[in-house]
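To start, the structure under review is shown below, and the notes come after it.
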Amino acid sequence: MTRALPCWIAIALMTGDVAAHAGSVAGTATVGGSAAVNAVVYLQSAHPSPIPSVPPHVAMDQKNLTFVPAVLPVMRGTVVEFTNGDDVQHNVFTPSALAGKFNLGTHGPGDAHSIIFNQPGDVVILCNIHMEMEAHVLVLEDPYFATVARDGSYHIRDVPAGTYTLRIWRKHWLSFTQAIDVPAIGDAAIDIVSGS
């Protein structure tokens, strides 16, 4: 049984000019008094969104012997293009079964290879040439998510009014969930604080 993080959440409603029947969720996420950088705050609906008929395309680069970004949240059905922005050879592979344990092989500077992510979950991305390189593609069922910025802030826009489960993902954190209501008019302001 997974136990919840020692977190508390502050929730408030703010009025403002918002598109009819859609609001946003914004706030901060901190751990031990510091910004929870590379954490992903996301909303999960009772009924997962259908996979888009036209797949979204996003990129993850390999630059200065690191994956950029280090954490990439996407909706299922998204095509991720892995590019090599370095002047050395790289590789992209995953041992994650939910992504088919793919290996895109060795590729040189300027090369790019794409793969579609259909199964929700955390996919670890590695390079078998540079073993210190690691990234995560977080595949989500709904398009309502944001990565926590360096100042600890996040902002999830254009969320249809309704009840959602708020979740936060960060490497080495236990799972955390909280039911929230997104209003048709106004924004939900939610701060997430963890002591460790």
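Only this structure's heavy atoms are used, side chains among them; waters, hydrogens and symmetry mates stay out.
Under a hydrophobic clustering in which Ile, Leu, Val, Met, Phe, Trp and Tyr are joined whenever their side-chain heavy atoms come within less than 4.5 Å, directly or via other members, Val40 and Val37 fall into different clusters. Following chains of ILVMFWY side-chain contacts shorter than 4.5 Å, one cannot reach Val148 starting from Leu138, and the two form parts of different hydrophobic clusters. Hydrophobic clustering, with ILVMFWY side chains joined whenever heavy atoms are under 4.5 angstrom apart, keeps Val80 apart from Phe93. Criterion: ILVMFWY side-chain heavy atoms under 4.5 Å apart, direct or through other members. Under it, Ile168 and Val182 are part of a common hydrophobic cluster. Two different hydrophobic clusters hold Ile156 and Leu140 under the rule that ILVMFWY side chains link at heavy-atom gaps under 4.5 Å.
In this structure a side-chain-to-backbone donor-acceptor pair under 3.5 Å is missing from Asn84 to Asp111. Checked by atom type and distance alone, the side chain of Asp187 never pairs as donor or acceptor with a backbone atom of Gly23 at under 3.5 Å. Without hydrogens or angle criteria, His47 side chain to Ser45 main chain gives no donor-acceptor distance under 3.5 Å.
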Q: Show your reasoning for whether side-chain contact (heavy atoms from CB on, under 4.5 Å) applies to Phe82 and Ile115.
A: CA-CA 8 Å; Phe82 294 94; Ile115 191 161; 3.7 Å; yes

**Q.** side-chain contact (heavy atoms from CB on, under 4.5 Å) between Leu65 and Glu132, intermediate numbers included
**A.** CA-CA 8 Å; Leu65 302 184; Glu132 71 278 11; 4.3 Å; yes

Q: Output, in order, the C-alpha distance, side-chain angles, deciding distance and verdict of side-chain contact (heavy atoms from CB on, under 4.5 Å) for Asp86 and Lys63.
A: CA-CA 5 Å; Asp86 274 336; Lys63 190 71 176 171; 4.2 Å; yes

Q: Please lay out, stage by stage, how Met60 and Val137 fare under the test side-chain contact (heavy atoms from CB on, under 4.5 Å).
A: CA-CA 9 Å; Met60 177 177 277; Val137 175; 4.1 Å; yes

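The aromatic rings of Phe117 and Phe102 sit perpendicular to each other, their planes meeting at more than 60°, with 30° as the lower class boundary.
When side chains are defined from C-beta on, Met75 does not count as touching Pro56, because their heavy atoms never get closer than 4.5 Å. Between Arg76 and Gln119, every side-chain heavy-atom pair lies at or beyond the 4.5 Å cut-off.
Between Ile51 and Gly77, the closest heavy-atom pair is CG2-CA, 3.8 Å. When all heavy atoms of Ala35 and Arg150 are compared, the closest pair comes out as CB-O, 3.3 Å. Minimum interatomic distance between Leu166 and Ile190 (heavy atoms only, all atoms of both residues): CD1-CD1, 3.7 Å.
Here CZ of Phe145 is found 13.0 Å from CD of Gln44. Values are rounded to the nearest 0.5 Å. With rounding to the nearest 0.5 angstrom, the CD atom of Glu141 is 13.0 Å from the CG atom of Leu43. Interatomic distance, OG of Ser24 versus OH of Tyr144, reported as 13.0 Å (0.5 Å rounding).
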Can I get a per-line list of side-chain donor-acceptor pairs under 3.5 Å for residues 120-127, giving both atom names and the distance, sequence neighbours left out?
{"from": "Asp122", "atom 1": "OD1", "to": "His136", "atom 2": "ND1", "distance (Å)": "2.9"}
{"from": "Asp122", "atom 1": "OD2", "to": "His136", "atom 2": "ND1", "distance (Å)": "3.3"}

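Within the structure, side chain to side chain donor-acceptor pair (under 3.5 Å) contacts touching residues 97-106 (residues at least two apart or in different chains) are Asn91-Asn103.
For the side-chain hydrogen bond (donor to acceptor under 3.5 Å, both in side chains) test with His107, the passing option among Gln62, His90, Gln89 is Gln62; the others fail.
Using a 3.5 Å distance cut-off with no hydrogens or angles, the side chains of Asp151 and Ser153 do pair a donor with an acceptor.
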